[in-house]
Structure formats: C-alpha cells, structure tokens
Amino acid sequence: MAKNFSSREDNYSQWYNDIVIKADLAENSAVRGCMVIKPYGYAIWEKVQATLDKMFKETGHENAYFPIFIPKSFFNKEASHVEGFAKECAVVTHYRLKSSEDGKEIIVDEDAKLEEELIVRPTSETIIWDTYKRWIQSYRDLPVKINQWANVVRWEMRTRLFLRTTEFLWQEGHTAHETKEEAIAETEQMLEVYSNFAENFMAIPVLKGTKSPNERFAGAVETYCIEALMQDGKALQAGTSHFLGQNFAKAFDVKYLSKENKLDYVWATSWGVSTRLMGALIMSHSDDKGLVLPPKLAPIQVIIVPIYKTKEQLDQITEKVLKIKKAMEDKGISVKYDDRDTQKPGWKFNEYEFKGVPIRLAIGPRDMENGTIELARRDTLEKEIYQIADIENKVKNLLEKIQSNLYERALSFREEKTFYIDTWDEFKERVEKGGFIYAHWDGTSETEQKIKDETKATIRTIPLEGKKEEGKCIYSGKPSSQRVVFAKAY
RNA sequence: CGGGGUAUAGCGUAGUCCGGUUAGCGCGCCUGCUUUGGGAGCAGGAGGUCGCAGGUUCGAAUCCUGCUACCCCGACCA
C-alpha cells in the first residue's frame, strides 16, 4: 500500500502529480512553470531519446544544433507563424547586469540594451530556414534532413509537470526537398516513425490522422498527428509532423536550381515530439499504486531484493544473485540488485512498485533452500514462485509479455472509450464522460469553433485509417464525407 | 489578465477568529539497541528569520498597512 497516494477516481490530476513527484521523475523548480527533471525521470527520457534517435538515423536524418536565440525580425517573415507564437515568447532585451546605486542588489544595466531583441526559441523553423538559405542552391544539395535535440520555451499561462512546462525538451526535425511529393512522403514517414515508437515502445495505441485547419501548426499547409487517449478519457496529442509547403522557403527565400535549370522554392517539413511524451507514458499505464513502465523504456527492468537475517545469509544470497544478474544482463536485460541494509524489504517492494519497475525478484533463506525465487509483475501485481534454473529466459519472455500486455490493455481501454455518435444531444452528453467520439463534421472552421465553445471538445484528428462513410454534420446537418474524432484534450 | 485561496523545520500541518511563558504534532533526518518474506519497534537527539517590509502594543505567528511568491478555477497552449 502506497502511503499518501491519491487514486485516479478520487482526484485524477492529483494522482498524476503524486506519481510524478513520488516516483522521483520531476519536481517544480524555483522558476515558475519550469521543472527539474530528476535522474529517474531523465533516465526514461534518455531511453526515449536513444530509441527515437536511432529511428531518425535509420530514416536518413542527421543531428545538428542551432542557437537558442532567434532575432526578433525572423518572426516577421512568416505571417501565420508569428501569429501562432507571438503571445508566448520570452524575449531577451539586455545583455548585462550591474550593482544598484546602494549596492544592495543586482539590476539590469539599461546601457546594455540590445539593438535587436532576441527571442528564446519556441520552435526553430525560422533560424533553421535562415540557415538553409545558405546551404541550398542546387538540386544536388537536396534533400536536407536534419534533426535537433533541444530545449524550447513557450510562456504558457498554466503549466503541469511534463504535460505543459514553460521550458521543455524535445526534438525537432526540419527537412527540405525538391518536390511536394517528396516532402509529403517525408511528413508521412515521420508520422509512421512516431506511431511505431508510441505503439511498440511506449505501448500506447495512437490514432493517426491530420489536423483540422483550426488545430494546424502555425505556418503549416498540413499537420499530421498521433493522438492518444488517457485514462481520464481526455485526448493527448503525442506527436506532430507538418507539411510546410513552400511557406518557409518563400519567407526565407530558399530557392534551388533544378536539373532543368529552373529556379524554384524548396518544399519543407518539420516534426517533433517532446517531454510531454513522459506525461502520456505516465497516464497511459499507471495505477493507484504508482507508475507502471513498459519494459522497453524502463531504466530498471528487473529489481532484485534480498531477504535475510544474518550477514552469512546475505553473503550466500548475494553470491547467487550476482550469477542470476549476470545471466540476465547477458540477455540484454537491465537489472539492479538492491542490497542496501538501510531499508527493509517491504520498504523496497513499495519503492520499486511506485517507481514502475516491471519485474521484481525477491530471494530469501527459504528460496536458497528450495532453489526458487519469488517474481512479482508490476503490470498485473501477480506474484509467483519460480525455479531459479533458467530464470533469465523466463524473465526475458515475461518482459516481452508485459510489454504487449500493457499495449493490449491500453488498446482495449481505448476501444471501450470510442463511440460513434450521430445526434447532437448524445454528443454533448458523451463529451462530458470522455473518450474518442467519431462524428460527422461539415468541414468548416465555424462549426468546429461552435462545437468547441459549446462542449470544449475539439477535433483531435481527421483519421487516415478506417472506412470513409458519408453522413450529416452532427452540428449543422450539412453533408460530411467522413467521420472525424472529437474529444476534450490536454 | 479576471475570480477564489494559501504562506509556520526538508515535507505535511496545529495554533491566527479572541495577542500573553520555551510555537505543538506527524513523516523524514541523526545516534544506539532490537529487527528484516509487503513501507519495523523502543529510547535518546538535531532542526524554526512563523513569506518580506513597516506599524499598533508592555508584549505579535496572531491585529493593521503595503509588497512578494505560490496554488486552484477560467481565457491561451505541445
């Protein structure tokens, strides 16, 4: 039993916060809206990074790094882009401090005012496209396929650990192509990478689709996204991939000369996922006993806890455990042996339980006599006694099973919470209860806005998959060519 | 930025209305002994500018004024 732990039913957001804090993932910092990511939380993020980074490189991308500061004037160049971000930018105006007259405090030196203010990047399209202008002259320079791992700042009104912080970590891919078709193919490919990562590593089923114009990225021609459903029935945008058309090439004058000696603007994409994925991960699988991690992203996959009375018993157990640990590590499993004498076994059980470690092995004098070991699964909370012989293979198989079980569990949850709704009254009622709602929409921004105003539900995505049946808009009754997915969102 | 609230030890809190010895309690922390198969027990101990600045008073965590920070609900958003 975890102490001081809120339940999901009791208070969902409190439950979420408790997990982040008590599982030692992150905490609030001295700076409003900015978090400290603690070692255990950061270790998960590093796994996310390592996995995605490999996928990006396998699809032909290279990493690079661009400045955190962007000259203010760059934001003027793409009209809808500036409109989208202007209201949440941190601005650097000075470059020096000095002591106040009375010498008691440090103040901004007004003499050190910047000629042109610098914007702390909310996203890097502008500085990157300004750079691409110098990199690209010919079709021989294309495509350019760059990814950057970085921090960005968006001055949001209200923040929540991992889900929305003023500063957050992410990756942003920025590519330049000869043709529209190639750029769209890139956008779609990266959407596939994201959904593959979400489903196969995070064990989170996602809907793939495009955004309505209202929800589209500022400056994009088309925004693709993956949407996940959280346990409280709210949707979470887990990743986006944008087809930017020639908007940024035109804004930053990036042209190339084709084989046919024709000058044309290049075609662009950008795509990103952030530390928000950590929020999705936490909310998708965790329970009232704490965090539950999918084995593929768990910093510790197996924790081993010794149970003993005497030093001699501990020594014997340790000798045995080190062999088991080595055998498991040889199978690529990450194992921690917690032989600290400062905490009792029960304390450790609880500790690793709310930190979401997928498998716990406990071994004591009884096991030493019988050649057994106790194994506890975090996902189902089942405990079972196993023979020690060949335990490494049993554990390996079980880790795979836990990984797929978490996915299946999240998938059936989503299916239970997916509804096809055809009347406005039913729609309003359903929105309140949460879940994905497939409903017809007349395709206009006005209707989408009215639905949002009346119910707080937004179009999460226009799904790429599934049958395209015609119908009548749930709100206006006008004709619709396919159902779109509505939900309240984070 | 609008509405509401809070600020006391590392964390959580009592005390504030109605001013009065040394600011109390739980968790955590330190020492010792006993313990160890689901968050151990006992004994002893350390730790406080009561958010900040002023004021009233013989006396302020408590009353008054100003300020600051944070939290919740909205508008904004990955």
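- When heavy atoms are screened at a 4.0 angstrom cut-off, R32(A) is found touching the sugar-phosphate backbone but no base atom.
- Taking the six-membered ring wherever Trp is involved, the centroid distance between the rings of F56(A) and W271(A) falls below 6.0 Å.
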What does the list of N/O pairs under 3.5 Å between the protein and nucleotides 40-42 of chain B look like, with a distance for each?
unit_1  : atom_1 : unit_2  : atom_2 : d
rA40(B) : O4'    : K344(A) : NZ     : 3.3

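- Candidate nucleotides rG39(B), rU36(B), rG74(B) were compared by shortest atom distance to the side chain of K456(A), and rG74(B) ranks first.
- Distance noted for atom P between rA14(B) and rA9(B): 12 Å (whole Å).
- Among the nucleotides rG37(B), rC70(B), rA75(B), the one closest to the side chain of D367(A) is rG37(B).
- A donor-acceptor pair under 3.5 Å is absent between the side-chain atoms of T165(A) and the main chain of L161(A), judged by distance alone.
- Checked against rG38(B), rU36(B), rC76(B), the side chain of M157(A) finds its nearest nucleotide in rC76(B).
- Side-chain rings of F85(A) and F217(A) approach one another, their centers coming within less than 6.0 Å.
- Note on Q237(A): only backbone sugar-phosphate atoms sit closer than 4.0 angstrom, heavy atoms only; bases stay farther off.
- Considering only side-chain atoms of T165(A), the nucleotide from rA75(B), rG37(B), rA78(B) that sits closest is rA78(B).
- In summary, the aromatic rings of F486(A) and F427(A) are positioned with their centroids under 6.0 Å apart.
- In RNA chain B, the stems built from three or more successive Watson-Crick or G-U pairs (distances below 3.5 Å) are B:1-7 with B:68-74, B:10-13 with B:24-27, B:29-34 with B:40-45, B:51-55 with B:63-67.
- Of the candidates rG38(B), rA78(B), rC76(B), rG38(B) carries the atom nearest the R360(A) side chain, counting heavy atoms from C-beta on.
- Between the T461(A) side chain and the T210(A) main chain, a donor and an acceptor come within less than 3.5 Å of each other.
- Here the side chain of P345(A) is nearest to one of rA78(B), rA75(B), rU36(B), namely rU36(B).
- Relative to the side chain of F354(A), the nucleotides rA78(B), rG39(B), rU36(B) differ in distance, and rG39(B) lies closest.
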TODO: Given ring-ring contact (aromatic ring centres under 6.0 Å, His included), test W129(A) with H81(A) step by step and report yes or no.
DONE: CA-CA 13 Å; W129(A) 279 87; H81(A) 190 66; over 10 Å; no
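- For K401(A), the NZ atom counts as loosely surrounded, since its 6.0 Å shell holds 12 or fewer non-hydrogen atoms of other residues, nucleotides or ligands.
- The closest donor-acceptor contact from the side chain of D232(A) to the backbone of K234(A) lies under 3.5 Å.
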